[in-house]
Peer 1: 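Right, I'll just put the structure down here and ask away after.
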Amino acid sequence: MKFYIFDVSYEVEMHKPVILMWSIDEKGRRVLLKDPRFRPYFYVIPMNEADIDDLKRKILTLSKPKSPIISIDIQKKKFIGKEITVLRVTTVLPESVRSYREEVKKLKEVKDVLEADIRFAMRYIIDKDIKLNSWHEVEVRSKGRDPKYRVEEVFEVLSDPKAVEGKDEKPKLRQLAFDIEVYNKDGAPKAERDPIISIALVSEDFKEVKIADNKNDRELLLYFRKRVLDYDPDLVYGYNCNKFDWPFIIERAKLNGVSIDVGRKVGVPPSTGAYGHVSLPGRLNVDVYDFAKDVYEVKVKTLENVADYLGVVKKDERVIIPGHEIYKYWEDPSKREILKKYNLDDALSTFLLAQLFVPFGEQLSYLTGLPLDQVGAASVGFKVEWYLIRVAYKVDELVPNRVERRAQSYKGAIVLRPRRGVHENVAVLDFSSMYPNIMIKYNVGPDTLVRPGEKYDPDEVYVSPIGHMFKKKPDAFFKISLTQLLKMRKEIKEKLKSLDPESPQYKLLDERQKAVKVLANAHYGYMGWSHARWYCKECAEAVTAWGRELILKSIELARSLGLEVIYGDTDSLFVRYDKEKVEKLIKLIQEKLGFEVKIDKIYKKLFFTEAKKRYAGILEDGRIDIVGFEAVRGDWAEVAKEVQEKVIELILKEGNTDEAIKYVKDVIEKLRKGEIDIEKLVIWKTLEKDFSEYKTEPPHVVAAKRARLKGYEFKKGDKVGYVIVRGSGKLAQRAWPWFMVDKSKIDVNYYIDHQVIPAAMRILGYFGITETSLKGMEGGLWTFLRKKSRGR
DNA sequence: CCTTCTCGGGG
DNA sequence: GTGTACGAGAAGG
């Protein structure tokens with residue numbers, strides 16, 4: 001029979017582990033596949049001189065009746081490229097692996113223990129090559145219904161699941177988004193004090209919201225449980241629900257003595273699992289916020305900002321209530337309808353955002369083997385790592401243990417000093433997948449790296465510009481992984497050409513090729529991550545060195561053609577767009593250096609100051625592109641960003657500064673008159689550390705501390721929005737959380753002198769405009785007098 | 001006045 | 001908890 005498997009977990013039944021595969025059958029029924037045949041294991045590397053059979057006997061004597069060691073096999077494997085003989089020790093209970101690991105490690109004949117930290121369900125996914133969120137052929141025997149599980153039928157698995165190639169379609173999944181509102185009068189919400197006052201649910205089939213009529217939230221919790229169980233969703237969506245909604249619900253349920261077992265296992269409540277995700281048995285609980293974090297165009301990633309930017313729910317079409325005022329809308333019965341609408345708009349936004357993000361998440365899950373609820377919560381490093389672990393299994397490579405290391409920095413990419421000024425017709429050339437291709441070409445990896453003192457044949461190694469050497473043979477582990485990914489991407493793209501872009505299959509495969517790209521591009525950074533299992537600083541260092549060499553050689557080629565190079569960063573070159581010469585250059589780089597370059601974009605006009613990583617241009621279609629300047633940074637006040645953006649636009653489009661100057665003066669005047677919204681004056685910064693770790697007291701830290709005194713919770717990772725008020729002393733002493741400040745207290749001069757003018761001058765200064773001419777009274781005074789006389 | 005701390009955006 | 005390079009403001013001395 002064929003099953004669409006979307007989650008894998010396990011449970012212990014009669015002292016034995018059983019793999020649970022939460023699935024959908026071809027009739028669209030929710031079913032559970034139980035595989036009782038799988039057992040946990042780990043590997044033991046013996047000391048070189050150790051007697052293997054003797055060691056085997058010794059390990060067997062450690063066997064405990066609770067979870068006996070059922071077999072020890074001698075196997076040949078590779079470890080960091082070297083052939084080694086290992087013992088595979090298999091036991092019964094997954095949770096006993098850790099204690100066996102510790103005891104085995106103590107034996108003097110044992111060099112190391114490997115793969116004892118691969119979670120049991122992941123072990124199954126890797127070993128059986130389960131492709132989550134896709135179809136598998138499995139031989140099964142029906143066990144009928146089981147009141148323990150909220151599924152239509154339970155099956156016992158008789159054969160290893162086999163992925164069905166080419167069945168790139170999804171069954172109809174039930175999805176439910178939820179959102180809660182809580183009563184917090186003083187500062188941040190606290191579950192032990194504040195009740196839930198409203199819950200909204202949105203699915204394809206219904207939208208509803210239930211508001212509490214008193215401060216006892218027991219009824220609300222029961223309603224929530226009932227509605228989830230009635231609808232029986234496969235996917236549950238929340239926004240920041242792993243960190244807020246779920247912990248809050250779990251705690252409130254506990255206080256109320258209510259069971260909140262909303263998963264597909266009766267009596268089992270949600271619990272926090274790997275990477276801080278909240279797990280509901282048999283359902284995929286997706287925190288949409290995890291995916292929203294990747295929308296870097298949105299600086300402050302509130303639900304309404306992300307939904308607005310992506311166009312699913314526009315801000316002006318929905319209710320927005322500041323977090324600290326929510327309780328007021330509940331206390332005043334006449335305002336409760338507004339609160340309900342707000343709650344519903346949030347759940348709706350979450351639901352709609354999930355439609356955009358989840359298809360991509362499903363494909364990341366398909367590739368990495370991490371179930372969808374974990375793959376969003378896991379960082380990029382772990383996503384790459386799980387992908388690598390799957391590759392390792394297929395090529396008999398053992399997985400290195402995680403080692404505590406100090407981060408070691410190394411030299412990175414090259415950035416050219418730009419030619420300042422306005423340039424016309426500039427082409428941006430990009431190397432396609434530069435670092436992955438360098439890694440493939442030079443066979444880079446910890447397994448091919450020639451270590452100090454190691455013997456090598458000078459003809460059989462690649463030597464990096466900084467001297468690190470990599471053996472040409474055999475293929476590096478990273479090369480295998482990357483080649484496979486690039487090949488997969490090429491094949492998918494080929495297949496896409498034959499499909500209707502509107503078809504579900506096209507959409508699915510397109511998301512898959514995007515996920516492949518993300519994983520491939522993250523390989524280089526992964527090597528330089530000190531917590532990586534396959535950490536290799538020398539490898540990362542060599543890759544950036546080859547990258548620098550590549551760019552420099554390409555510049556030489558450009559110059560040999562008489563092409564002017566205006567700028568370049570890491571894997572891009574900005575050159576004067578002379579069509580013929582640029583095409584020649586692309587060919588030359590391909591032929592002489594062996595790398596592919598493409599024209600990424602063409603600017604009609606491009607403006608540089610002397611600074612690196614900062615430029616603004618107008619593209620062929622008239623769009624303005626701003627990189628690096630204050631206008632696109634989150635830590636500048638909106639008013640300054642707007643001014644700079646407008647100045648850039650006026651200059652690139654008009655070709656002179658007159659309009660721009662007039663515009664800046666106008667904004668300054670509005671600021672003086674207090675006509676600018678306080679929201680546009682807020683500066684947002686992240687607390688990157690715990691309060692105690694700060695050696696200095698920057699403004700955002702001072703503001704956050706002030707909010708904390710009022711009961712608002714601020715901690716590492718939070719964004720602090722502050723404004724500057726009038727007064728004396730250090731700037732930080734004048735920084736206050738924006739929601740605690742009355743507009744009349746704002747220091748307008750700070751915003752003029754330290755936000756608007758610097759942002760405008762960054763551009764206008766290049767054209768010889770002075771600060772005083774923006775601020776000066778010449779223009780301002782006249783307008784002032786004119787208006788005054790008109791007023792009379 | 002100079003150095004250090006801190007942060008964010010992006011190739 | 002993927003990497004380094006870079007610019008800029010404000011604190012600190």
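Quick caveat: nothing in here was measured; it's all calculated off a predicted structure. The sequence lines fix the lettering, A, B, ..., with proteins before strands; numbering per chain opens at 1.
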Peer 1: Name the nucleic acid region contacted by A/Ala540, choosing base, sugar-phosphate or nothing; use a 4.0 angstrom heavy-atom cut-off, strictly under.
Peer 2: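 Contact class for A/Ala540: none.
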Peer 1: Classify the angle between the aromatic ring planes of A/Phe431 and A/Phe595 as parallel (below 30°), tilted (30 to 60°) or perpendicular (above 60°).
Peer 2: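 Perpendicular: the ring planes of A/Phe431 and A/Phe595 meet at over 60°.
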Peer 1: Heavy-atom nearest nucleotide on DNA chain C for A/Pro758 versus A/Lys730: which residue maps closer to 5'?
Peer 2: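 This one resolves to A/Pro758.
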Peer 1: Shoot me the first and last contacting nucleotide of DNA chain B against chain A, ordered 5' to 3', at under 4.0 angstrom to non-hydrogen atoms.
Peer 2: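 Nucleotide range with atoms under 4.0 Å of chain A: B/dC5 to B/dG11.
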Peer 1: What is the nucleic acid contact for A/Thr686, judged by heavy atoms within less than 4.0 Å: base, sugar-phosphate only, or nothing?
Peer 2: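 Sugar-phosphate contact only - A/Thr686 comes under 4.0 Å of backbone atoms but never of a base.
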Peer 1: Using a heavy-atom cut-off of 4.0 Å across all strands, would you classify A/Arg402 as base, sugar-phosphate, or nothing?
Peer 2: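 A/Arg402: no heavy atom of the nucleic acid under 4.0 Å.
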Peer 1: CZ of A/Arg533 to CG of A/Asn401: how many Å apart, nearest 0.5 Å?
Peer 2: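 Answer for the CZ-CG pair, A/Arg533 versus A/Asn401, is 6.5 Å.
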Peer 1: Would you call A/Asp117 and A/Arg402 a salt bridge, using N to O less than 4.0 angstrom?
Peer 2: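 Result for this pair is no, no salt bridge flagged.
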Peer 1: Between A/Phe291 and A/Phe360, does the ring centre distance come in under 6.0 Å?
Peer 2: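 Ring centroids of A/Phe291 and A/Phe360 are no less than 6.0 Å from each other.
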Peer 1: Output every pair passing side-chain hydrogen bond (donor to acceptor under 3.5 Å, both in side chains) with a member in residues 519-532 of chain A, not counting sequence neighbours, ordered by first then second residue.
Peer 2: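 Output for this query lists A/Glu385-A/Tyr526, A/Tyr410-A/Tyr524, A/Ser481-A/His523.
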Peer 1: Counting heavy atoms from C-beta on, name the nucleotide in C/dA5, C/dG7, C/dG9 closest to the side chain of A/Lys612.
Peer 2: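 Looking only at heavy atoms from C-beta outward on A/Lys612, the closest nucleotide is C/dG7.
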Peer 1: Within the structure shown, what part of the strands sits under 4.0 Å from A/Gly412 by heavy-atom distance: base, sugar-phosphate, or nothing?
Peer 2: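 Sugar-phosphate contact only - A/Gly412 comes under 4.0 Å of backbone atoms but never of a base.
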Peer 1: Under 30°, 30 to 60°, or over 60°: which ring-plane class applies to A/His700 and A/Tyr694, parallel, tilted or perpendicular?
Peer 2: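 Because their plane-to-plane angle is over 60°, the rings of A/His700 and A/Tyr694 count as perpendicular.
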Peer 1: Once you apply a heavy-atom cut-off of 4.0 Å, does A/Ser409 come out as touching a base, just sugar-phosphate, or nothing?
Peer 2: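 Contact class for A/Ser409: sugar-phosphate only.
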Peer 1: Considering only C/dA10, C/dT2, C/dG7, which nucleotide approaches the side chain of A/Leu731 most closely?
Peer 2: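 Per side-chain heavy atoms of A/Leu731, the pick is C/dA10.
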Peer 1: What's A/Glu697 touching, base or sugar-phosphate or nothing? Going by heavy atoms closer than 4.0 Å.
Peer 2: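 Sugar-phosphate, no base atom in range.
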Peer 1: When you get a sec, tell me which of C/dA11, C/dG9, C/dC6 is the closest nucleotide to the side chain of A/Lys613?
Peer 2: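 Taking heavy atoms from C-beta onward, the closest nucleotide is C/dC6.
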